[in-house]
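Working notes, structure below.
Residue numbers start at 1 and run along the sequence shown. For clarity, every value in this text was computed on a predicted model and none was experimentally measured.
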Amino acid sequence: MLTHPTHDRLIALGLTGMAKALEDQRRQPEIAALAFEERIAMMIDREALERENKRLTTRLKFACLRQSAVIEDVDMKAPRGLDKALFQKLAGGDWIDRHHNLIVIGPTGVGKSWLACALGHKACRDDRSVSYQRVPRLFDALTLARGDGRHARLLKSLARVELLILDDWGIATLTHDQSRDLLEIVDDRHNRGSTIVTSQLPVDHWHEVIANPTVADAILDRLVHNAHRLTLNGDSMRKAAAKRSALDATPPP
């Protein structure tokens, strides 16, 4: 008799998971054979799961990951020089707790962004805050923010996340303002958060992208020295996938 009022009260209290579990139990007559504590435990478990899923949805929405990638789908057999042991260790996330960085280097198409997004997705699943930023667009956004008064606010938001992904770094030489912005970002995050950087450019050539040698030294000192590294090689996986698709689409003779 009190089922419906209880359901409504659970909804009003924001306990939607428990409300759904209660409705499920009402549709299962055999549930009456369970003890009261067991039925309550099932409702609490459902509520915890609902809240975990909501947090994950919120985390992923904020992260804006470029690729729908998960670590379980990483192709460990692809011939690209992926250090499997290191990647499995990175998937555990302990390096994020220690505020270490990760640098992923390799030619276009070998899956740098995909791997970074897979690690970002895992961090979201582990209830960590993540933000994906493609570097050229980030610099455009910072330039606009400098003009309309949001510059400091944007830098602050980048400093707060537990894992920042900077994708496609080193495509073009940085301007003075871009170099200063990058220094502010890595300095704010140094020993406070973790950063993944993907680039086609080997680390030895990063100085060439930053015109001011002093600023370059400061950026690399904060970004590189406590960083894990994944160095990839081989042919473009996108090109190989396109070839496979073309072969699959070819009608039999």
Side-chain angles (χ1 to χ4, degrees), residues 62-67 83 86 90 95-108 110-117 119-120 123 128-233:
F62 178 81
C64 291
L65 298 173
R66 182 181 183 182
Q67 308 277 358
D83 186 331
L86 176 56
L90 293 169
W95 62 286
I96 301 177
D97 294 330
R98 293 184 312 215
H99 309 311
H100 290 180
N101 300 320
L102 170 64
I103 297 171
V104 187
I105 301 295
T108 184
V110 293
K112 300 183 300 297
S113 300
W114 205 95
L115 292 174
C117 287
L119 291 171
R128 294 183 172 101
S129 57
V130 178
S131 177
Y132 170 91
Q133 301 287 339
R134 189 169 176 272
V135 172
R137 291 182 180 176
L138 174 60
F139 284 140
D140 289 343
L142 286 165
T143 299
L144 290 174
R146 186 179 285 105
D148 60 20
R150 295 180 297 107
H151 188 257
R153 194 187 322 157
L154 179 52
L155 288 176
K156 190 173 183 180
S157 70
L158 294 171
R160 284 177 174 173
V161 294
E162 293 172 80
L163 177 62
L164 175 65
I165 300 174
L166 297 177
D167 197 11
D168 285 339
W169 149 254
I171 291 178
T173 302
L174 304 188
T175 66
H176 173 76
D177 285 341
Q178 290 172 343
S179 299
R180 296 296 303 180
D181 282 341
L182 183 58
L183 176 57
E184 290 296 323
I185 292 169
V186 298
D187 185 58
D188 287 344
R189 298 185 56 74
H190 185 56
N191 290 331
R192 299 182 184 91
S194 295
T195 304
I196 297 178
V197 180
T198 76
S199 178
Q200 297 182 42
L201 195 66
V203 175
D204 293 344
H205 294 277
W206 283 13
H207 268 84
E208 302 167 13
V209 180
I210 308 168
N212 187 317
T214 303
V215 175
D217 286 341
I219 291 172
L220 269 63
D221 181 66
R222 291 159 175 79
L223 195 57
V224 174
H225 293 158
N226 70 339
H228 304 275
R229 299 195 192 188
L230 287 174
T231 302
L232 308 177
N233 51 56

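- The shortest heavy-atom contact between V130 and G120 is CG2-O, 3.6 Å.
- With sequence neighbours left out, E184 forms a side-chain hydrogen bond (donor to acceptor under 3.5 Å, both in side chains) with no residue at all.
- In plain terms, the two heavy atoms of L223 and V186 that are nearest each other are CD1-CG1, 4.0 Å.
- From Y132, atom OH reaches atom CD1 of I196 across 11.0 Å, with rounding to the nearest 0.5 Å.
- Within the 3.5 Å criterion, the main-chain N or O of T195 finds a donor-acceptor partner in the side chain of N101.
- Contacts classified as side-chain hydrogen bond (donor to acceptor under 3.5 Å, both in side chains) and involving residues 211-220 (residues at least two apart or in different chains) are given here: H207-D217.
- For the salt bridge (Lys or Arg N to Asp or Glu O under 4.0 Å) test, residues two or more places apart in sequence or in another chain that qualify with R146 are D181.
- Each of L142, V215, I185 was checked for a side chain to side chain contact (heavy atoms under 4.5 Å, CB included) with R180, and the lone residue meeting it is V215.
- Under a 3.5 Å cut-off, the side chain of E162 and the backbone N or O of S129 do form a donor-acceptor pair.
- With sequence neighbours left out, R150 forms a salt bridge (Lys or Arg N to Asp or Glu O under 4.0 Å) with D148.
- Residue V161 comes nearest to S131 through the heavy atom pair CG1-CB, 4.0 Å, listed as atom of the first residue, atom of the second, then distance.
- When the salt bridge (Lys or Arg N to Asp or Glu O under 4.0 Å) test is applied to D83, no partner is found at least two apart in sequence or on another chain.
- Taken to the nearest 0.5 Å, the CH2 atom of W206 stands 8.0 Å off from the CG atom of L201.
- Distance check: L102 CG to L166 CG gives 11.5 Å after rounding to the nearest 0.5 Å.
- Looking at heavy atoms from C-beta onward, D177 lies out of side-chain contact with T143 at the 4.5 angstrom threshold.
- Across all non-hydrogen atoms, the minimal contact from A123 to L163 is CB-CD2, 4.0 Å.
- Looking only at distances, a side-chain donor or acceptor of K112 sits under 3.5 Å from a matching main-chain atom of P107.
- For the atom pair OG of S113 and CG of D168, the computed distance is 5.0 Å after rounding to the nearest 0.5 Å.
- Here the straight-line distance linking atom OG of S194 with atom CD1 of I96 works out to 5.5 Å at 0.5 Å rounding.
- Within the structure, every pair that satisfies the salt bridge (Lys or Arg N to Asp or Glu O under 4.0 Å) test and touches residues 185-210, not counting sequence neighbours, is listed here: D187-R222.
- When the options H228, H225, H190 are evaluated for a ring-ring contact (aromatic ring centres under 6.0 Å, His included) with H100, the one that passes is H228.
- Contact detail for W169 and L182: the closest heavy-atom pair is CZ3-CD2, 3.4 Å.
- Ion pairing between D97 and R128 holds under the 4.0 Å rule for side-chain N and carboxylate O.
- Rounding to the nearest 0.5 Å places CG of L119 at 10.0 Å from CH2 of W114.
- Across all their heavy atoms, D167 and P136 have their closest contact at O-CD, 4.2 Å.
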